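What you see is a predicted model, and the numbers here were worked out from it, not measured in a lab. Convention: sequence-line order gives letters A, B, ...; per-chain numbering from 1. Both backbone and side-chain heavy atoms feed into the values below; hydrogens, waters and symmetry mates do not.
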Amino acid sequence: MKTYKRTSIKFTPATYCVSAFLLAAVVFLAVFPVWYEGYWTTKLTEIMKFVTLSVAWVVFSAPTGYMSLATAAFFGVGFYLASALSGTVPFLAIIVIAGAAAFILALIVGALTLRLRGVYFCIFTFGLVLLISNVVRELERTLSGTRGRFVDTQPIEVVYWAVLGVCVLCILAAWLIRRSRHGLALTSIGQYEEAAAHSGINVVRTKVLVFAVSAIFMGMVGAVIATRRAYVDPTVAFHLDQSFLPVLMALFGGMLTLVGPVIGAVVFSLIKEELATKWPEMFQVIFGAILIFSILFLQNGIVGVAQQMWRLYRREGFTGIARAVDRGLRRGFAPAWRMLGGRRGGGDASA
Amino acid sequence: MVALRDIVIAGLLLGGLYALVSVGMALQYGVARVLNVAHGEFIMVGAFLTFSLHINGHMNPLVTMAITGPTMFVIGFVLHKTLYRRLMKTAPNLEVFEGKSLLASFGLYYVVQNVARMIWGADIDGYTYLVSTVTAARIPLNRLVALAFVVGLSALFYVFLYLTRLGKAIRASAQDPTTAGMMGVNTDNVLAICFGIGLAMAAWSGSLLSIVYQSITTSMGLPYTVYAMIVVVLGGLGSITGALAGGMILGFVATIVQYFKPSLVMIAFYAIFVLLLIVRPKGLLGK
């Protein structure tokens, strides 16, 4: 019987280049606030927050197809813990505690619910966020008689480095999980759960474990971001945008690779930064429209489109790309065309 | 005894509203397999259409329902024909379609809510209509009228579903779309009609809500989406009778909890929702 062998990394010039580039990027980001003083530190903090959230979301949800909307719950638990503990324990300890708390919560939630499938799992996680948020609000109201809490704020550089740390850890963990036995098991669960169970994968354990590990980073990043605000209440901590935005970013970027969610998060955080304060309604309309567009037309996100374009360019040059764009546009407008009474060649009898 | 009488009456009135709010969602999920999380937003749009027609057009709020319902039906029909049909054609299986259509409805949620906010603003609007109370129990007249409409609409809907040809086609498509298609049902049209009816139901309940609560905002939708989801899960995802019964149950739960400890109503809702999904995801009446 063949035993499963870990695929080792091949050290080719390409991998050297990529790792050198990534290392340079991380070093650049790390020393960035030392010589720069200005708004970009805040912007980058926000971007890295969403990179962490969407990468963490992709770790579990992309291979399995279980759409989790519980991101806001784990983020919020970290967020709220940081405000509750602020001033009593050091900053680093708070981050660790928040990660651990999110991990435990995700273990419990996962063990209870991961046998639910499809939409059931999705609406359960959706309801969970609302339940926790309401319970926290009620507890605060009856026990401590407050509506929210004040937080000891940290200087922006400290927050920046903390988010950078969590972000790098998260991407590293995501990459390792994807390459590991668990990642492979997770993918096979997503493809055919029963078959995966029959071929000896402990389905429940794998799902719950990876779900919980991905929650660690959501909790940690929540704890870090909380220290940027002076005042925290349950509505802010458990805001549903924290659940939806990472999903959108991952969908838009593409979920087959880890580059996809990163690109999606960077692009969307920048758009959000630019539009959210000036035209909040317009931003949300664009946000929803892009979400619908990505679901309809971008099977593997913009990274998938880029890969396809690259392949076409290698094979047929620019004419290939032009032809593909033309075909794509025609196919995209076909439903509207049919609605207006037009007929496509070949004849669709039911249309 | 007076307390009990009040609870029963208030429970009935509230339950009726919840049932109407949820029936549309149950139909959309039961037949078209779209769990429409933008449901509450369409309720909100219905409420604001009634508000605008009443204030600017000086129409009777109840008469506006003759406009709000059909308008939303057309929107729903077109939405399904363009958006959801395409998703259905490209999805490899039902589970993928359900996931994708759920996410697409999240997109709709953002678009609809914020377009409405651009039109009507973020402030609280409202009007008063039929605010006097009747009988010894001091039942607000507008709630009574709303309940009458709920009962009427539900009855009409039931007759439509069980006594007409189209209703039969809808039920057949819900049971087995492939076989229904082979028996000559144009399932594409049936699903789009169902989605449209779901939206019309949402608009009607929005119109009634604006009469009952007298104050409406563009952010009122999400709670109703959640109520509808709880009711639909309570009655078994996609079951119409289940949704009617679930709405009544939720109405009574809300009234009873409200009576003893008002601040716990929302927690009670979510607790029921989460517990139900863990213990009995098929719903109380599900098979």
Side-chain angles (χ1 to χ4, degrees), chain A residues 61 65-67 69 109 112-113 115-135 137-139 141-142 240-241 243-244 247-248 251 279-297 299 331-332 334-336 338-339 350-351, chain B residues 29 33 35 37-38 78 81-83 85-87 89-90 94-96 98-118 122 181 186-189 218 222-223 225-226 229-230 232-233 237 263-271 273-274 276-278 281-282:
Chain A
S61 290
Y66 280 74
M67 292 285 168
L69 290 177
V109 170
L112 280 175
T113 62
R115 51 203 180 84
L116 296 173
R117 300 208 55 159
V119 281
Y120 283 101
F121 179 73
C122 192
I123 56 176
F124 177 86
T125 51
F126 180 69
L128 182 79
V129 175
L130 298 168
L131 174 69
I132 294 180
S133 146
N134 272 285
V135 168
R137 186 176 298 123
E138 181 65 15
L139 283 179
R141 205 182 59 81
T142 48
L240 275 174
D241 276 356
S243 286
F244 296 146
V247 181
L248 166 72
L251 270 176
W279 300 292
E281 283 97 14
M282 189 52 105
F283 162 66
Q284 303 223 353
V285 171
I286 293 173
F287 173 89
I290 293 181
L291 180 56
I292 294 174
F293 180 84
S294 314
I295 294 164
L296 277 180
F297 299 111
Q299 285 292 329
R331 206 179 298 156
R338 268 203 306 282
M339 287 281 308
S350 65
Chain B
Y29 185 74
R33 309 307 282 182
L35 191 67
V37 267
V78 173
K81 277 277 180 183
T82 50
L83 175 60
R85 213 192 103 164
R86 194 192 150 83
L87 281 180
K89 294 273 138 112
T90 50
L94 197 61
E95 205 167 292
V96 172
E98 284 183 6
K100 283 193 167 186
S101 61
L102 183 69
L103 286 174
S105 338
F106 272 118
L108 271 184
Y109 159 81
Y110 279 100
V111 172
V112 174
Q113 185 184 42
N114 288 286
V115 168
R117 201 166 282 171
M118 283 181 200
N186 186 342
T187 41
D188 278 339
N189 275 344
T218 37
L222 188 61
T225 306
V226 178
M229 264 194 208
I230 299 173
V232 167
V233 168
L237 262 182
S263 65
L264 287 183
V265 174
M266 289 314 284
I267 294 184
F269 277 11
Y270 297 130
F273 186 43
V274 167
L276 200 73
L277 279 171
I278 293 171
K282 271 176 288 182

Is the closest side-chain heavy-atom distance between B/Met118 and A/Val285 below 4.5 Å? yes
Select, from A/Met67, A/Arg141, A/Glu138, A/Glu281, the one with the greatest count of heavy-atom pairs under 4.5 Å involving chain B. A/Glu281
Considering only heavy atoms, which portion of A/Leu248 lies under 4.5 Å from any heavy atom of chain B: side chain, backbone, both, or neither? neither
Do you see a donor-acceptor pair shorter than 3.5 Å between the side chains of B/Asn114 and A/Gln284? yes
Can you tell which part of B/Phe106 gets under 4.5 Å to a heavy atom of chain A, answering side chain, backbone, both or neither? both
Residues forming a ring-ring contact (aromatic ring centres under 6.0 Å, His included) with B/Tyr110, sequence neighbours excluded: A/Phe244, A/Phe287
So for B/Ile267, is it side chain, backbone, both, or neither that comes closer than 4.5 Å to the heavy atoms of chain A? both
Ranking A/Val135, A/Asn134, A/Val247 by heavy-atom pairs under 4.5 Å to chain B gives rank one to A/Asn134
Engaged part of A/Phe126 at the chain B interface, taking heavy atoms whose separation is under 4.5 Å: side chain
Tell me, for B/Val233 versus chain A, whether the close heavy atoms (under 4.5 Å) come from the side chain, the backbone, both or neither. side chain
At a 4.5 Å cut-off on heavy atoms, which part of B/Leu222 comes close to chain A: side chain, backbone, both, or neither? side chain
Chain A contact via B/Leu108 - which portion, at a heavy-atom distance below 4.5 Å: both
Let me know if B/Leu103 has heavy atoms under 4.5 Å from chain A in its side chain, its backbone, both or neither. both
Part of B/Val115 within contact of chain A (heavy atom distance under 4.5 Å): both
Give, as side chain, backbone, both or neither, the part of A/Arg137 having an atom under 4.5 angstrom from any heavy atom of chain B. neither
Okay, B/Phe269 and chain A: the region with an atom under 4.5 Å from a heavy atom over there is neither
Please identify, among A/Leu291, A/Leu131, A/Leu69, the residue contributing the most non-hydrogen atom pairs under 4.5 Å to chain B. A/Leu131
